[in-house]
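Here the structure is a predicted model, which is why all the values come from computation and not from measurement.
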Amino acid sequence: VASDPLVTVTGDVCREAANITISNRRPDSRRYVDYYCSVEILIPDNFVIPSINIIAVGNNQTSVRAGAMDADSEGFDLNFGPNSLAMSGEVLNVRMSGLTSKRFSYRSNGGNLFVENLRTSETAVFESRSADITVTTPRRTSVEFQQQSGNLACLSAAEGSAYIDNSCEEKCAFRPAVSLATGGQQGEVTVDPWLCREAAAGGKVLYNCSEYDGDFVVEENRCPIGAAYAEKSQVPQVTGCFNLDTCVLDESPKCLCRPACEMASLAPPGTCNEL
C-alpha cells in the first residue's frame with residue numbers, strides 16, 4: 001500500500017464510531033494487479049464487540065471469516081451483546097461460527113454465506129440474488145422468506161419441526177410439540193431445539209420429540225477432505241450412481257444421462273440401461 005500512492009488507507013478512530021476506509025484508485029487495467037487487501041481484527045476473549053458494518057465496494061469477491069472456524073479458535077464465540085453485525089457488497093463470501101448479536105444482516109448480489117450457531121435477540125436478514133445461504137441456530141425460531149423469481153426457494157428443517165403457513169406468503173413457525181407420556185397420557189413438552197416425529201394414537205396425531213443437535217447435523221453433512229463436493233447434500237443423487245459416504249458421483253455417460261432419459265414425463269417413459 002505504501003508503495004502506490006493510488007492505494008490509500010484512512011482511519012478515524014478518535015470518535016465514538018471508528019471508521020477505516022481502503023481506497024484503490026488505480027486504472028481499471030491494473031487495479032487488482034499484485035493487489036491484496038487483508039484486514040484482521042483481534043478480539044480478546046469474553047469481550048462484547050461493538051457494532052460492525054462491513055461494506056465491500058467493487059466487483060471482486062470479499063471474504064469474511066470469524067469465530068470458531070479454525071483449530072486455533074475452537075470454542076471462541078463472537079459476542080456482540082446488544083450490538084449488530086452488518087455486511088453488504090457485490091460478492092461476499094462469509095463463514096462464521098458461534099455468533100450472538102442483537103441484529104445480523106447479509107446483503108450481497110452473489111457469493112455464499114455459512115453461519116453456524118447464530119443467535120440474535122431481534123432479527124437476522126439475508127438478501128441476495130444468487131448467493132448460497134446456509135444458517136443454523138440452536139434456538140427455536142420463525143422464518144419469513146421471499147423468492148422473487150425462478151421459484152427455486154428450498155426450505156429444510158428437522159422432520160416434524162416446521163409448519164408452512166400459506167403457499168404464497170410462506171412463513172415457518174414451530175408447531176406445538178406433543179408427546180406420549182407414561183401410562184398412555186397425552187402431555188405437552190417443550191423441545192429446544194426441535195426434533196418431533198409423528199405418532200398416531202387413538203385417532204389423534206401426536207408427536208414424539210427429542211433434542212436436535214444442529215452441530216451434529218452439520219458435521220454429518222460434510223464430505224471427506226479432498227472430495228469433489230464440500231457437503232453430502234450437494235452430491236447429485238442419481239439412482240445407482242452416487243456414494244454419500246465418500247461424496248463420489250459416477251460420471252459415466254450412463255449416469256450423466258440417467259436424470260434426463262428416465263423422466264416420467266416422456267411418452268413412453270425412457271430408461272437408461274444402456275447407451
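- The side chain to side chain donor-acceptor pair (under 3.5 Å) with N112 is formed by just one residue from the set T134, N93, D132; it is N93.
- Side-chain N or O atoms of D77 include none that pairs as donor or acceptor with a backbone N or O of N79 at under 3.5 Å.
- For the atom pair CD (E90) and CD (Q61), the distance works out to 13.0 Å, reported to the nearest 0.5 Å.
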Practice prompt. Please assess L113 against M96 for the test side-chain contact (heavy atoms from CB on, under 4.5 Å), listing each intermediate value before the final yes or no.
Written response: CA-CA 8 Å; L113 171 69; M96 293 183 167; over 6 Å; no
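- Rounding to the nearest 0.5 Å places CD of E116 at 4.0 Å from OG of S97.
- Other members of the hydrophobic cluster containing I55, listed by chain and number, are V57; membership follows side-chain contacts under 4.5 Å among ILVMFWY residues, whether direct or relayed.
- Going from atom CZ of R119 over to atom OG1 of T137 covers 7.0 Å, rounded to the nearest 0.5 Å.
- Looking at residues two or more places apart in sequence or on another chain, you find a side-chain contact (heavy atoms from CB on, under 4.5 Å) between A230 and Q234.
- Between the side chain of S108 and the main chain of S128, no donor-acceptor pair closer than 3.5 Å is present.
- In the hydrophobic clustering of this structure, V248 does not group with Y229; members are Ile, Leu, Val, Met, Phe, Trp, Tyr whose side-chain heavy atoms approach within less than 4.5 Å, directly or through other members.
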Worksheet entry | Test log, rule side-chain contact (heavy atoms from CB on, under 4.5 Å), inputs V235 and L244 | CA-CA 7 Å; V235 180; L244 289 184; 4.0 Å; yes
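- Side-chain contact between V39 and I22 is present, with at least one heavy-atom pair separated by less than 4.5 Å.
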Worksheet item: Can I43 and I49 be said to form a side-chain contact (heavy atoms from CB on, under 4.5 Å), step by step?
Response: CA-CA 8 Å; I43 301 169; I49 307 170; 3.5 Å; yes
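- Put simply, the side chain of S51 gets close to the backbone of S84: a donor and an acceptor are under 3.5 Å apart.
- A pairwise comparison of heavy atoms in S233 and N221 identifies N-OD1, 3.1 Å as the closest pair.
- Here the closest non-hydrogen pair linking P50 and N83 is CA-ND2, 3.6 Å.
- Taken from CG in N53 to CE in M87, the straight-line distance is 10.0 Å, to the nearest 0.5 Å.
- Residues V7 and I20 fall within the same hydrophobic cluster, defined by Ile, Leu, Val, Met, Phe, Trp and Tyr side chains chained together at heavy-atom separations under 4.5 Å.
- One distance of note links CD1 of I54 with OG of S105; it measures 10.0 Å at 0.5 Å rounding.
- Remark: side-chain polar atoms of K232 are paired, donor with acceptor, to backbone N or O of E220 under 3.5 angstrom.
- Cluster membership for Y106 and V91, using ILVMFWY side-chain heavy atoms within less than 4.5 angstrom, is not shared.
- Across all their heavy atoms, P236 and F242 have their closest contact at O-CB, 3.7 Å.
- For R26 (side chain) and V33 (main-chain N/O), a donor-acceptor pair under 3.5 Å exists by modelled atom type.
- Once rounded to the nearest 0.5 Å, the distance linking NZ of K102 with OG1 of T120 reads 11.5 Å.
- Minimum interatomic distance between L118 and P138 (heavy atoms only, all atoms of both residues): O-CD, 4.0 Å.
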Worksheet entry | side-chain contact (heavy atoms from CB on, under 4.5 Å) assessment of T136 paired with N117 | CA-CA 5 Å; T136 68; N117 290 339; 4.2 Å; yes
